[in-house]
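Have a look at the structure below, then the notes.
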Protein chains: 2
Amino acid sequence: MDGMRQSDKGRRKPRADAVRNRERVVEAARAVFSAGGPEASLEAVARLAGVGIGTLYRHFPTREALFEAVYRREVQHLAELAEQLKQEAEPVEALRRWMRSNVKFVATKKGMSAALALAAYNNSELFSYSFDRLTRAVGGLLDRAIASGEIRSDIKPEDLLRALIGMCYMHDQPGWQTSVLRLVDVFVDGLRIRPDTPRAKAKPRKSR
Amino acid sequence: MDGMRQSDKGRRKPRADAVRNRERVVEAARAVFSAGGPEASLEAVARLAGVGIGTLYRHFPTREALFEAVYRREVQHLAELAEQLKQEAEPVEALRRWMRSNVKFVATKKGMSAALALAAYNNSELFSYSFDRLTRAVGGLLDRAIASGEIRSDIKPEDLLRALIGMCYMHDQPGWQTSVLRLVDVFVDGLRIRPDTPRAKAKPRKSR
DNA sequence: GGCATATACGGAGGATGCCTCCGCTTTTCA
DNA sequence: TGAAAAGCGGAGGCATCCTCCGTATATGCC
């Protein structure tokens, strides 16, 4: 992996300042949208990034394009987190932590979540890409936990993801975060095959 | 129920034109947001409603206030639909139809859904009010179906609602509507107690 | 290193939409 | 029927969006 010589058929190498500025803008956008929600001023984003408004618009012609870049970045982070947890924790614990991180992700970025929901709403390719990416990420954790024999085997990654999304939709009621974190724990415990309950040990109910 | 003489302690009766205009604005907003999403121009709403922009702002000081009015109205409709279905269809069929209507509701109002999601996001009172209202609406249908002995009794209205919301979150992938409608059917069938499977007929698993 | 040029930068300024304010109109109530 | 409360419309000030173009700088070739 020494570069992109071939894939960018004959193009000149992108200018270093352009790459740097693009990155700065995305990072600034993440911060500004987190704080101010999806309606936040783009000029504020440019200001925080330390670039001119024209630069922002060249990289991201529309507000949605900027949302999208932030979205992909966040999805990427969650996917990478899954990989990392695979190495740091035992199977079931890794799964639990990943789900909890998801909840916190929604929690700490109130405004952002709205922006991201909006972005996904208006861009089905982005939505299915993300859903897919996250499904694969959680699929890895899930397979591992199933292989270890600690949890039941009739759960699909999509189910788990959908359950998580559904649970987070509760956001904003007074103690929602605590409540959802508890739900996650309950859910993960529910996945577990209890060695101390002999009846129907891991009996995969007819597998359908 | 002949009026509000008492409840509006001594206030003058609200002017008829004001009531009419308010209604017009909400209706216009529903149409405009449905077509153009949550960012649609408020001046367009006023134009469509046939009122001045000042009138719109007097009734709804902020964009969110307008979202909220539309939101409450839609929730009201869904709740009323539940009541109506109780009288028109047999228990399980009524439940199925209500869930399907929900899916169609999301489908026909692409832009609106985003607007409503946004509104709920920034107003937890509104969110919990709606969740509550819908929970009660579906609860009525559910109790009736359980009482008829046709479906299992260990499902809670919140679960059903949450499942529905989660499934609709799939919106926008190519054939999502068909897919979700199918899921709803599967789900409702899953609730059913099959008379042809004798084992554990309606046995409410320990009921906690 | 030095030069040519593709590429990127910044921000002025026109366009659009938000929202306030106030003079005029309509409705209510006595 | 008349007074006054309530409501109406839209002009205009202000903020933000986004385009356009003159200036600046990195890249690639010698």
### Query
Less than 6.0 Å separating the ring centroids of A:F67 and A:F33?
yes
Please state how far atom [atom1] in [X] lies from atom [atom2] in [N], giving the value in whole angstrom units.
X: B:R24; N: D:dC8; atom1: CZ; atom2: P; value: 11 Å
X: A:F67; N: D:dC17; atom1: CZ; atom2: C1'; value: 14 Å
X: B:R20; N: D:dG9; atom1: CZ; atom2: P; value: 10 Å
X: A:E23; N: C:dA8; atom1: CD; atom2: C1'; value: 17 Å
X: A:R22; N: C:dT7; atom1: CZ; atom2: P; value: 17 Å

### Message
Please confirm whether the shortest side-chain N or O distance from B:N21 to OP1 or OP2 of D:dC8 is below 4.0 Å.
### Response
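Result: yes.
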### Query
Within the pair A:H59 and C:dC9, is there a side-chain N or O less than 4.0 Å away from OP1 or OP2?
yes
Is the closest side-chain donor-acceptor distance between [X] and [Y] under 3.5 Å?
X: A:S41; Y: A:E43; answer: no
X: B:E83; Y: B:Q87; answer: no
X: A:E80; Y: A:Q76; answer: yes

### Option from B:P157, B:S128, B:S130 for which side-chain contact (heavy atoms from CB on, under 4.5 Å) with B:T135 holds
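In the set B:P157, B:S128, B:S130, the residue that makes a side-chain contact (heavy atoms from CB on, under 4.5 Å) with B:T135 is B:P157.
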### Task
Sugar-phosphate atoms are those with a prime plus P, OP1 and OP2; base atoms are the rest. Using that split, label each nucleotide of nucleotides 18-23 of chain C B, S or - for protein heavy atoms under 4.0 Å, 5' to 3'.
BBB---
### Task
Between D:dG28, C:dG10, D:dG7, spot the one nearest the side chain of A:K13, thanks.
D:dG28
### Query
Between the base of C:dA8 and the side chain of A:R15, is there a donor-acceptor distance below 3.5 Å?
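In this structure, the two groups form no donor-acceptor pair.
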### Query
So what does A:A46 touch, heavy atoms closer than 4.0 Å: a base, only the sugar-phosphate, or nothing?
nothing
### Message
I'd like to know if A:E125 and A:R72 make a salt bridge, using a cut-off of under 4.0 Å between side-chain N and carboxylate O.
### Response
yes
